[in-house]
Amino acid sequence: MLYITGLKEGIVLDHIKAGMAMKIYRYMNLDKLDTEVAIIKNVRSSKMGRKDIIKIEGGLDRIDLDVLGYLDHAITVNIIRDDKIVEKRSLKLPRKITNVIHCKNPRCITSIEQELPHVFVLSDEEHEIYRCAYCEETYGTKVK
Amino acid sequence: MRHLISPLDFTTEEIDHILDLAADIERRPERYAHRCDGKVLATLFYEPSTRTRLSFESAMLHLGGQVLGFASADSSSAAKGESVSDTIRMISCYADIAAMRHPKEGAAMVASLHASIPVINGGDGGHQHPTQTLTDLHTIRSIKGHFSGLTVGFCGDLKFGRTVHSLINALSRYPDMKFILISPKELRIPDYLRENVLEKKGIPYEEVTSLDNALPKLDILYMTRVQKERFFSEDEYLRLRDLYILTREKMSLAGPDCIVMHPLPRVNEISVEVDDDPRAVYFRQVNYGKFARMALILFLLGLEEPGDLPESL
């Protein structure tokens, strides 16, 4: 059994699909944080078989829930204070995401104007399809 | 402030209102001849265009206004690397309204976000061309008298043909429409149009490859050019461009009231011998386009006056 020290105050991202924690880490820019971040892979789970978990020291302002919701809205966000889970937040697909994914359509205006933010709007919630706000090119959610 | 970036930016009521206005301008041009006195239209054309740019300029001149602008990216600051958003901020100081064509998709939308004047999308790559849609709608309503219950065939390049995408989107908002989509497999309509418009709204449509089989069923045949500039591969363009050519012989398969439309320019997809057929309306379309753009300019500039639309319309 592997022991990871508990969090006094922080966030636990639970129910991450096994093998996806590193992608979440990169997309969420967690490498930029100066607080403790623990990635726990392939944890046994009664619901999922195996799952990944990320523990982040510090307040909720350290992560963008919209980005996380886009990456995988099945993830549970546990908020820890004084070593206890004080809140569990479920995620949903955000209506709009900015500068999380980039439009790959070579005909899109974003391909030549570098300063434009890459904005995607949720166009089909059931199939988790986003569209570039400029050229309407479609993108699915990335880490499923 | 309103812009026209996508054909769906306006409600069907607003579209009907603009088409009513276009019909009134056509009937009583003298009433509108000085409505835009002192107003300036900027035509920002980053991509070669004869028809659309001249149509906008003619529309503004017939309303008494003036025009300025550029006709290619080479003759604008874009050649120096200026962004669309910077250009439109500058143009907003010189003009009251702008019409813009750009080879990149979404360019007009970017312009509208930074403009302090109304922006009209005159075509953004293979994406949208809403004033051609207004032109097409005005043509259909002027000739057919209504939009409902029509079977419309689109033929040729349905993948990159922005006029097709825009018109399908716009016609899909009217009841009892049916579409027959005639194209090679490589140039079929994009998935988003099939899934998000046709299937979502339950609109009957067929995707076929034979023009001959489709012709007898059509109220309207909308021909398109296979556009060389949309292809990255010359070989693929050459392979696909001659698949559909409408000839007098083929026209004998169409019904007596089936009209033939084309956004122009045509290359070889409609034989010149068809031009004399009274069902060929593509040159009349150009005239309808001028009136539709005149109405659009008045609508966006808020220059309509009481009495513009008599009760009889």
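By convention in this document, chain letters (A, B, ...) are assigned in the order of the sequence lines, proteins followed by strands, and residues within each chain are numbered from 1.
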[Y] and [X], any side-chain heavy atoms less than 4.5 Å apart:
X         : Y         : value
Glu136(A) : Asn196(B) : no
Glu113(A) : Lys104(B) : no
Ile109(A) : Glu105(B) : no

Greater than 12 external heavy atoms within 6.0 Å of [X]'s [atom1]:
X         : atom1 : result
Lys201(B) : NZ    : yes
Arg50(A)  : CZ    : yes
Lys159(B) : NZ    : no

For His127(B) against Tyr134(A), the heavy-atom pair lying closest together: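 Residues His127(B) and Tyr134(A), closest heavy atoms: CE1-O, 3.3 Å.
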
Heavy-atom proximity to chain B below 4.5 Å, by part of Glu115(A):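 The answer is the side chain of Glu115(A).
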
Ser111(A) portion near chain B, given a 4.5 angstrom heavy-atom threshold: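 It is the side chain, since no backbone atom gets that close.
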
What are the residues of residues 109-120 of chain B, in order of number, with any heavy atom under 4.5 angstrom from a heavy atom of chain A?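 The stretch touches chain A at Met109(B), Val110(B).
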
Region of Glu195(B) in contact with chain A, defined by heavy-atom distances below 4.5 Å: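 Nothing of Glu195(B), per the 4.5 Å heavy-atom cut-off to chain A.
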
Heavy-atom cut-off 4.5 Å, strictly under: side chain, backbone, both or neither for Asp191(B) against chain A?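 No part of Asp191(B) comes within 4.5 Å of chain A.
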
Interface residue of largest heavy-atom contact number with chain B, from Asp124(A), Thr138(A), Ile112(A), under 4.5 Å: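 Ranked by contacts with chain B, first place is Ile112(A).
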
